[in-house]
2 protein chains.
Amino acid sequence: MHVQPASGPPLTEDALLDRAHLVAGHTIGELAERAAIAVPREMRRAKGLAGQLLERYLGADAGSRAEPDFTALRIELKTLPVHEGKPKESTFVSSIELDALADTDFEDSPVWHKLRRILWMPVEADPSVPLPLRHFGSPILWSPSPSERRVLQDDYERVATLVLAGRIDELDGHLGDALQVRPKAAHGGVRERAPEGLGGYQWTGPRGFYLRPTFTAAILHAAFR
Amino acid sequence: MHVQPASGPPLTEDALLDRAHLVAGHTIGELAERAAIAVPREMRRAKGLAGQLLERYLGADAGSRAEPDFTALRIELKTLPVHEGKPKESTFVSSIELDALADTDFEDSPVWHKLRRILWMPVEADPSVPLPLRHFGSPILWSPSPSERRVLQDDYERVATLVLAGRIDELDGHLGDALQVRPKAAHGGVRERAPEGLGGYQWTGPRGFYLRPTFTAAILHAAFR
DNA sequence: CAGGATCCACTATTGGATCCCG
DNA sequence: CGGGATCCAATAGTGGATCCTG
């Protein structure tokens, strides 16, 4: 690493991309050392580490809010674990506020605000490589194409329809061609409120939107072929 | 079954289709009874039974030769096991003559002669239904569309290239988007001759061409949606 | 708890092996 | 054996459960 860390958020897309390119080819261990943070050898004990190191290094300023990491640039930062050329996992995009979802158009939704422009940072995800030695790849600054946007919006609207009808029990990982619904909580016991048919409510587990690996694989492929 | 069995091969496509439509809705047990053949309750001991009963009932005349079942009409008969709307298995198309393959253009190949026109007979494949009680569906007389043909030919030619180069060890089930290569023998000990690089030969297991379920699923879907 | 994500048990699919008949 | 195919162990993929940090 030959530059100083971010002293504040980048002011332009180019400035952000420049910083991101400096990370390419370096390792999680190197970035952690700069931040004086210890790196477990196993991902299991540090699931979000690479993403959090990048947030610091690149100057993300959203904190734990439901908006894109680089607030002024409206760009979301996502790491993408890659093994043998393909995404190893689905990508968490945002939590779902079940009580607000049915009243929120896709355009105004937190999930679309995050999806509309993403800075993808590929990270080596070969299980045989210890976590500190895994390399970052070259950044991909991506926005959905019109057809990608259509797929995402269709998925969103099918979910919104179910939530509006109070059919929360049908809200599971089978939904969505690209944008999937999955549990999102520290453990299975967490409960939150959701609509229930005619203005009532019910309690259910928190859920989030995820991008399926087939979708992110297409992004990777388009960027590097 | 309200008609007599075939006394000879059908003379026209329409005659063949008429006979095939008479089978739709009837069961394997009914067809077997007409032929005075006993039906095991399990498919395991009668893997090819439905196909062989149909050959007799419909008047196929190719016997065990490497050409379409209805020789005059140049139509191949294939059963298609269907469960919950989808093909349950891949479809065997033809054996591969490794010693001849590299010298045979797709157009002149046994596999293309079988693929160019197929009478598909869907057969119920729910494991919970005893074999004799499984129903036949409505026949589908199919020929590949131009794009389907392109996919099939591309797959064939990749295989031919490998065989020509003597790279028989690479000839396995991973090949082919639609047309797959798999072992085809009574057991693993069978050997046959194949080319080996510069005019020599080597011994290997017999292989056949199969259609992947994704490909036959598209045929089913196009016919019945 | 919300945001950063991956873990991993289970299911679905694949593809090598096999079964019956003439 | 070649033609009629399916069986089933192993692998790939899905989706519910979980882990760390501020």
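Listed candidates were C:dT18, D:dG15, D:dG4. Nearest to the side chain of B:D69 is D:dG4. Of the candidate nucleotides D:dG16, D:dT6, C:dA2, D:dT6 has the atom nearest to the side chain of B:M43. With distances taken from any side-chain atom of B:P81 to the nucleotides D:dT6, C:dG3, D:dG15, the minimum falls on D:dT6. Among C:dG3, C:dT14, C:dC21, the nucleotide with an atom closest to any side-chain atom of A:S95 is C:dG3. Comparing D:dC7, C:dG22, C:dG4 against the side chain of A:E76 picks out C:dG4 as the nearest. Considering only side-chain atoms of A:P183, the nucleotide from C:dG15, D:dA17, C:dG4 that sits closest is D:dA17. Considering only the side chain of B:K114, D:dG4 comes nearest among D:dG4, D:dC7, C:dA5.
In this structure, B:R207 atom CZ and D:dG3 atom P are separated by 17 Å, rounded to whole Å. Atom-to-atom, CD1 of A:I28 to C1' of C:dA5 comes out at 12 Å; the value is rounded to the nearest Å. Atom pair B:L211:CG and D:dG4:C1' shows a separation of 15 Å (rounding to whole Å applied). B:L54 places its CG atom 15 Å from the C1' atom of D:dG3, with the value rounded to the nearest Å. As rounded to whole Å, 10 Å separates atom P of C:dG22 from atom CG of B:L53. Between the P atom of D:dA12 and the NZ atom of A:K86 lies a distance of 8 Å, rounded to the nearest Å. Atom-to-atom, CZ of B:F70 to P of D:dG4 comes out at 11 Å; the value is rounded to the nearest Å. Rounded to an integer number of Å, the gap from B:H83 NE2 to D:dT6 C1' is 14 Å.
Comparing B:K88 and A:T91 by the nucleotide of DNA chain C whose heavy atom lies nearest to each, the residue mapping closer to the 5' end is A:T91. In this structure, B:V181 and A:E55 both approach DNA chain C, and ranking their closest nucleotides by distance from the 5' end singles out A:E55. Nearest-nucleotide assignment on DNA chain D puts the 5′-proximal partner with A:S90, out of A:S90 and A:H187.
At the phosphate of C:dA5, OP1 or OP2 sits under 4.0 Å from a side-chain N or O atom of A:T79. In this structure, A:R212 reaches the D:dG15 phosphate: one of its side-chain N or O atoms is under 4.0 Å from OP1 or OP2. Note on B:R45: every side-chain N or O is 4.0 Å or more away from OP1 and OP2 of D:dT6. Applying the 4.0 Å criterion to OP1 and OP2 of C:dC20, one finds that B:Q52 has every side-chain N and O outside that range. Distances shown here put every side-chain N or O of B:H174 at or beyond 4.0 Å from the OP1 or OP2 atom of C:dT14.
For CZ of A:R191, the number of neighbouring non-hydrogen atoms (other residues, nucleotides, ligands) closer than 6.0 Å is greater than 12. Within a 6.0 Å sphere centred on CD of A:E170, heavy atoms belonging to other residues, nucleotides or ligands number more than 12.
Between B:E42 and B:R44 there is no salt bridge, since no side-chain nitrogen of the basic residue lies less than 4.0 Å from a carboxylate oxygen of the acidic one. A salt bridge links B:K78 with B:E76: at least one charged nitrogen is closer than 4.0 Å to a carboxylate oxygen.
Backbone-only engagement by A:G173 is indicated by non-hydrogen atom pairs under 4.0 Å involving sugar-phosphate atoms exclusively. Contacts of B:G48 with the nucleic acid, taken as non-hydrogen atoms under 4.0 Å apart, include base atoms. A:R44 comes within contact range of the sugar-phosphate backbone alone, with a heavy-atom separation under 4.0 Å but no base atom that close. Residue contacts shown for A:A185 include a base, since a base heavy atom lies under 4.0 Å away.
Within the 3.5 Å criterion, the main-chain N or O of A:D61 finds no donor-acceptor partner in the side chain of A:D69. With hydrogens and angles ignored, the 3.5 Å screen pairs no side-chain donor or acceptor of A:R116 with any backbone N or O of A:V111.
Side-chain contact of B:S90 with B:R182: a donor-acceptor pair under 3.5 Å is present, judged by distance alone.
Judged by distance alone, with hydrogens and angles left aside, B:K47 brings no side-chain donor or acceptor close enough to the base of D:dG3 to form a pair under 3.5 Å. Contact annotation: side chain of B:K184 to base of D:dG2, donor-acceptor pair absent below 3.5 Å.
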